[in-house]
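Report on one structure; see the data block that follows.
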Protein chains: 2
Amino acid sequence: MIMQKKLTINDIARMAQVSKATVSRVLNRHASVDPVLRERVMDIVQEHNFVPNVTATELANGRTRLIGVLAPPLNWPAIPEIMHGVSEYIETTPYEVVLYSMNLERNHSDVLDRILAMRMVSGLLAILPGGLSSHLDTFFQQGLPLVMIDDQKEPTHIPWVGIDNFSSAYEATNYLLQLGHRRIAHIMGPRHYYCALQRLEGYQQALLEAGIPLEPDLLLQGEFEPASGRRCAEMLFAQDRGTWPSAIFVGNDQMAYGVLEVAEERKIQVPEAVSIIGFDDNLLSAHMRPPLTTMHQPFMEMGYQATKLLLNMIDPEHVHKPEQKWQAFSSSLPDTTKNDHSSRIQIPTHLVTRTSSGAFHPRLL
Amino acid sequence: MIMQKKLTINDIARMAQVSKATVSRVLNRHASVDPVLRERVMDIVQEHNFVPNVTATELANGRTRLIGVLAPPLNWPAIPEIMHGVSEYIETTPYEVVLYSMNLERNHSDVLDRILAMRMVSGLLAILPGGLSSHLDTFFQQGLPLVMIDDQKEPTHIPWVGIDNFSSAYEATNYLLQLGHRRIAHIMGPRHYYCALQRLEGYQQALLEAGIPLEPDLLLQGEFEPASGRRCAEMLFAQDRGTWPSAIFVGNDQMAYGVLEVAEERKIQVPEAVSIIGFDDNLLSAHMRPPLTTMHQPFMEMGYQATKLLLNMIDPEHVHKPEQKWQAFSSSLPDTTKNDHSSRIQIPTHLVTRTSSGAFHPRLL
DNA sequence: TTGTATGCGTTATCAC
DNA sequence: GTGATAACGCATACAA
């Protein structure tokens with residue numbers, strides 16, 4: 001019914017006995033159009049289910065309705081959630097998502113060059129761009145609408161959506177302190193991740209404020225994935241029980257999974273013998289045994305807000321422009337951020353208390 | 001360096017002192033171009049890093065370089081892997097992926113209509129289209145290049161990539177039979193999934209050939225997710241031990257996770273007391289405790305082959321056409337299917353034997 | 001082999 | 001308010 005005849009705006013014009021300019025004006029909701037003509041045109045349009053050719057529209061406008069999303073492999077824990085948020089917002093607009101999923105072996109900067117050079121997308125959302133972020137920076141300088149999600153470098157002037165890693169880590173550590181723990185270990189992520197550094201600082205700050213000296217033995221470094229969590233846990237539990245921490249703040253959930261495994265293998269009761277708290281609140285964390293206490297990162301919300309920010313940069317009017325597409329939908333997500341107009345959006349995290357953490361009680365010998 | 005001046009083919013023509021037609025011919029590798037001119041043009045092109053505007057190219061060609069991918073939520077277990085395969089092939093072509101990720105609550109057929117009406121994509125890859133498949137069918141009739149991955153309906157004439165669910169289930173069941181099991185339960189998926197039905201038939205066929213009567217009590221139906229697996233497992237283990245199966249063939253890994261949980265809670269040894277085998281080989285299955293024996297579905301390969309098939313439908317020459325883009329890359333995946341020219345590709349599965357399954361030994365009372 | 005001219009389907013800029 | 005008409009950037013039939 002729809003692909004049959006490739007109707008063009010000219011056909012509609014002829015049928016409605018007006019000029020194509022008028023048809024275009026009707027289609028684009030231009031005010032100055034005789035209501036009678038308007039209706040005559042719309043009737044024909046609807047009768048034939050006419051939709052303007054998007055490519056021609058783009059050529060005439062000098063701008064595509066595509067935004068590129070640069071994403072790490074989709075099987076990374078947080079990516080599907082972020083993409084969910086992206087889709088959620090995109091659906092309320094006339095834009096679509098072009099997915100560039102990167103495998104990390106390759107350096108995709110050449111691909112990036114081509115994409116941008118051919119003007120395929122009118123903006124870019126970069127999720128965890130990592131090594132590409134400096135390359136992206138030069139594009140941003142040249143005027144490319146760009147938003148980064150949770151980048152791994154120091155803060156820049158590039159529009160950004162993420163969380164406050166320092167405060168979140170501080171809060172997580174404080175929670176353990178309030179449970180009575182004093183020997184609190186931290187398994188941090190790789191030092192080249194800015195977030196890992198921030199979380200470390202939050203942890204240290206909390207300890208210092210509680211008057212607890214930092215013990216080098218209680219700080220280990222992993223790779224943000226389960227195997228490294230295992231490794232670090234084994235080191236923590238290598239010596240005699242007296243040296244064990246009573247709580248471990250793990251830099252992310254993935255590593256915490258590894259810690260839980262080691263604890264189970266060694267029959268170390270969680271949380272009785274050792275409390276464990278993660279960071280991220282990945283989908284699986286609620287289903288660990290025991291369910292993992294962790295700092296919740298609102299990944300979906302991050303994707304949503306980042307997309308919203310990007311579209312406001314590309315086309316500030318997109319929200320108000322009457323387009324058929326959004327009459328059908330309305331956003332299901334509320335605006336939880338106050339600083340909508342900022343180009344640096346921090347989304348609040350919150351602690352999710354589950355059973356992997358509990359009050360400290362002196363080691364039973 | 002690249003976004004500066006919006007060079008057009010006209011600029012290049014002027015600088016090279018040729019007509020824009022010639023520039024176009026050079027860019028598109030037309031044979032009949034004087035090598036001298038060709039080089040002169042290419043020099044200018046490279047010097048200025050010129051890339052043709054993709055929108056204009058598309059308008060002139062009457063065809064976009066976008067393929068739409070209709071996908072279920074990305075956090076469904078197999079989707080990231082499938083998408084990985086899609087990306088892997090797409091990278092070898094000049095096409096890009098527009099991601100339409102569907103949340104299941106909404107009926108997206110109207111969105112689909114718009115997308116196709118505006119001619120944004122030149123082909124569609126539908127992953128588990130489910131309820132949309134009949135709607136898609138009408139588009140296919142009208143000439144839309146379309147490939148489905150693992151659809152949930154009966155086989156149609158629509159190009160398709162998937163596995164042989166019947167044979168795979170048959171093989172899985174036979175494996176249990178060869179381990180000596182005789183009371184083999186099956187937790188099937190929802191009956192409205194064609195694959196669930198096929199797997200059931202494979203299971204039954206294997207039992208029948210072994211001369212084992214089908215016991216209704218040993219057949220349960222879940223929803224393809226963990227909670228339903230739990231529920232079914234609890235039913236199987238509800239009565240006295242004498243009635244328990246010694247092995248369970250679970251319709252997919254997700255449900256098998258639920259079964260493993262129940263077994264652990266009830267201290268039912270796996271595989272000593274009961275062998276468990278899943279279907280799919282999701283990423284997590286290797287990390288279950290115990291690691292799950294399961295029928296491996298090559299999801300990445302499916303995504304790869306489906307994309308390849310689709311691009312051959314859209315543009316049979318795309319493999320040979322000399323494009324800058326693929327000089328940089330070459331496919332890392334071999335062709336494992338023989339029937340490349342068929343429009344119905346079955347990709348072989350294989351059993352992955354891990355520790356959740358073992359030889360039958362009589363119940364120790 | 002190369003250049004000219006036209007088409008691709010819209011939008012926007014003019015006159016009217 | 002409305003209608004010609006010129007962009008938009010490229011591809012290609014046709015002529016040279």
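Letters A, B, ... mirror the listed sequences (proteins, then strands); counts begin at 1. Worth knowing before you read on, the calculation uses all heavy atoms, side chains too, and leaves out hydrogens, waters and symmetry mates.
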- Task: Compare all side-chain heavy atoms of A/Glu96 with those of B/Tyr100 and state whether any distance is below 4.5 angstrom.
- Result: yes
List the atom pairs, with distances to 0.1 Å, where a side-chain N or O of residues 127-139 of chain B and a protein N or O form a donor-acceptor pair under 3.5 Å, not counting sequence neighbours.
{"unit_1": "B/Ser133", "atom_1": "OG", "unit_2": "B/Gly130", "atom_2": "O", "d": "2.9"}
{"unit_1": "B/His135", "atom_1": "NE2", "unit_2": "B/Asp113", "atom_2": "OD1", "d": "2.8"}
{"unit_1": "B/Thr138", "atom_1": "OG1", "unit_2": "B/His135", "atom_2": "O", "d": "2.8"}

- Exceeds 12 heavy-atom contacts within 6.0 angstrom, atom CD of B/Glu39: no
- Item | Contact pattern, 5' to 3', of nucleotides 1-14 of chain C - B, S or - by protein heavy atom under 4.0 Å | SBBB--BBBBBB--
- Message: Please give me the minimum heavy-atom distance between B/Pro73 and B/Ile79, naming the atom from each residue.
- Response: O-CG1, 3.7 Å
- Sidechain N-carboxylate O distance under 4.0 Å for A/Arg40, A/Asp43: no
